[in-house]
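In this chain, residues are counted from 1 in sequence order.
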Amino acid sequence: MNAVYPHHYGLHLFEYLLIIEPSNLVQKQLRAFKQYFIKSYRYPNAIVSKSHMTLMRFIQYDSYENHMVREFQRIADMAMPFDVELHGFGSFGHTLFVDVKSEVPILQLIATHRRTLRPLVSGVKGHAARFVTKPHITIARKLTPPQNAMVWPIWNRTAYHGEFRARNMTLLRRRVGTHTYSTVHKFEFLGLSPAFTQGKLFA
C-alpha cells in the first residue's frame with residue numbers, strides 16, 4: 001500500500017538524506033563487495049548506488065530547504081574532520097552492512113543538535129525524522145529470512161578493515177514518489193568556534 005502524504009498548493013514534498021561518503025579508495029573496496037554479493041548469490045538486493053553512511057532521513061516541504069541548509073551549514077562549520085574506521089560486517093536480519101567501529105563522532109555530529117533540527121525536519125505528521133543510532137554502510141538490503149540464513153554465516157566470518165577521513169557531509173533529496181536523489185549541498189567540516197561561526201553566518 002502506497003503512503004499518502006498531505007498536499008499543499010505550490011509546495012512539494014521531498015525525502016531528504018544527510019550522508020557522509022567514504023573516500024574513493026573505500027568506495028572501490030565496498031563496490032567490490034557489492035559486486036561479489038551479486039555474483040555469488042544472484043539476489044537483486046545489493047545496493048549498486050554509491051556507498052554512504054546515513055546520518056538522518058526525513059520528509060519535508062521544499063519551502064523549508066533554505067532554512068535547513070543554513071542550519072546544517074552551521075553544524076558543519078563547528079564540526080572537526082574526523083577519522084572513520086570500518087571493521088567487519090553486521091546484519092539487521094534484512095540488511096547486510098559494513099560495520100563502523102568508530103561510532104562516537106558520527107553519533108555526536110547530529111545528536112547534539114537534535115533539538116534545533118527537529119522543527120526543521122518534522123514537516124509531515126506521522127513521519128518523524130530518523131536520526132542515526134547505528135552507523136553502518138549497506139551492502140545489501142531487503143533480504144528474506146532464508147537469504148539471510150544463507151548469507152550471514154559466511155559474511156560474519158569475512159574479515160575487512162577500512163578507514164577514511166570524514167571531511168564533509170552531503171544533503172540529498174528526491175521528490176516523494178520518485179527514485180533518484182540529487183545533491184542539495186555539500187557541507188565542509190571547518191572546526192570553527194561557535195562565536196566565529198555565528199558572526200560568519202549573520203554578518
Side-chain angles (χ1 to χ4, degrees), residues 15-37 46-58 65 68-92 95-114 116-117 120-121 129-141 155-156 158-174 180-201:
E15 181 179 0
Y16 289 90
L17 281 181
L18 185 66
I19 67 171
I20 290 177
E21 294 180 305
S23 64
N24 290 335
L25 175 60
V26 173
Q27 287 281 4
K28 185 177 180 179
Q29 295 168 348
L30 300 180
R31 185 164 58 250
F33 283 128
K34 296 176 184 181
Q35 291 169 346
Y36 175 81
F37 183 95
I47 307 301
V48 296
S49 60
K50 203 172 182 181
S51 296
H52 65 269
M53 288 187 300
T54 299
L55 298 176
M56 60 184 301
R57 180 193 302 267
F58 58 96
E65 193 168 284
M68 292 187 299
V69 167
R70 284 197 295 269
E71 186 59 29
F72 288 135
Q73 184 68 66
R74 185 186 69 83
I75 293 171
D77 283 348
M78 292 186 292
M80 291 288 295
F82 56 89
D83 293 325
V84 177
E85 184 177 0
L86 309 176
H87 185 76
F89 297 87
S91 174
F92 295 135
T95 300
L96 174 69
F97 59 85
V98 173
D99 205 4
V100 177
K101 188 175 182 180
S102 52
E103 294 186 347
V104 173
I106 300 166
L107 295 173
Q108 288 182 340
L109 181 62
I110 296 300
T112 54
H113 301 279
R114 280 194 185 193
T116 304
L117 286 172
L120 294 176
V121 300
R130 300 180 189 175
F131 294 85
V132 61
T133 57
K134 170 57 181 172
H136 65 279
I137 300 178
T138 298
I139 296 296
R141 64 186 180 190
W155 288 77
N156 188 33
T158 302
Y160 171 65
H161 182 269
E163 57 186 8
F164 65 94
R165 185 80 166 163
R167 303 181 185 277
N168 52 61
M169 62 185 183
T170 303
L171 183 65
L172 307 177
R173 77 172 191 178
R174 67 181 178 187
T180 304
Y181 283 98
S182 60
T183 298
V184 177
H185 195 81
K186 180 173 286 188
F187 308 92
E188 300 295 329
F189 299 150
L190 300 180
L192 303 177
S193 68
F196 185 85
T197 302
Q198 186 174 359
K200 175 178 177 289
L201 290 177

Spell out, as yes or no, whether a donor-acceptor pair under 3.5 Å connects the side chain of H87 to the backbone of E85.
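Side chain of H87 to backbone of E85: no pair is present.
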Judged by atom type as modelled, is there a donor-acceptor pair below 3.5 Å linking the side chain of Q27 to the main-chain atoms of S51?
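Such a contact is found between Q27 side chain and S51 backbone.
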Taking [atom1] in [X] as the centre, count heavy atoms belonging to other residues, nucleotides or ligands within less than 6.0 Å. Is the count above 12?
X: R174; atom1: CZ; result: yes
X: R130; atom1: CZ; result: no
X: F92; atom1: CZ; result: yes

Going from [atom1] on [X] to [atom2] on [Y], what distance comes out if it is rounded to the nearest 0.5 angstrom?
X: T133; Y: E103; atom1: OG1; atom2: CD; result: 9.0 Å
X: N24; Y: Q29; atom1: CG; atom2: CD; result: 11.5 Å
X: I106; Y: M169; atom1: CD1; atom2: CE; result: 13.0 Å
X: L190; Y: R167; atom1: CG; atom2: CZ; result: 12.0 Å
X: L109; Y: M78; atom1: CG; atom2: CE; result: 10.0 Å
X: K34; Y: I137; atom1: NZ; atom2: CD1; result: 8.5 Å

4.5 Å side-chain heavy-atom contact, [X] and [Y]:
X: E21; Y: T170; answer: yes
X: L107; Y: P135; answer: yes
X: R31; Y: K28; answer: yes
X: T116; Y: R74; answer: yes
X: L25; Y: F164; answer: no
X: L172; Y: H52; answer: no
X: L117; Y: E71; answer: yes
X: V100; Y: K134; answer: no

What pair of heavy atoms forms the shortest contact from [X] to [Y], and how long is it?
X: V26; Y: E163; result: CG2-O, 3.6 Å
X: M80; Y: G191; result: SD-CA, 3.4 Å
X: L120; Y: M68; result: O-SD, 3.8 Å
X: I110; Y: L55; result: CG1-CB, 4.0 Å

Parallel, tilted or perpendicular: ring planes of [X] versus [Y], cut at 30 and 60 degrees:
X: F58; Y: Y16; value: parallel
X: F189; Y: F82; value: parallel
X: Y160; Y: F33; value: perpendicular

Using the rule side-chain contact (heavy atoms from CB on, under 4.5 Å), only one of L18, V98, V84 pairs with M53; which is it?
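Of L18, V98, V84, side-chain contact (heavy atoms from CB on, under 4.5 Å) with M53 is met by V84 alone.
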Does a donor on one side chain sit under 3.5 Å from an acceptor on the other, for T183 and H185?
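Their side chains do not contain a donor-acceptor pair, so the 3.5 Å distance test is not met.
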Steps toward side-chain contact (heavy atoms from CB on, under 4.5 Å) verdict (R173, E65):
CA-CA 10 Å; R173 77 172 191 178; E65 193 168 284; 2.8 Å; yes
Report yes if the distance between the aromatic ring centroids of F97 and F89 is under 6.0 Å, otherwise no.
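Not close enough - the centres of the two rings lie 6.0 Å or further apart.
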Between D77 and F187, is the side-chain contact (heavy atoms from CB on, under 4.5 Å) condition met? List the steps.
CA-CA 8 Å; D77 283 348; F187 308 92; over 6 Å; no
Carboxylate-amine/guanidinium contact R57 E15, below 4.0 Å:
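Looking at R57 and E15, the cut-off is met.
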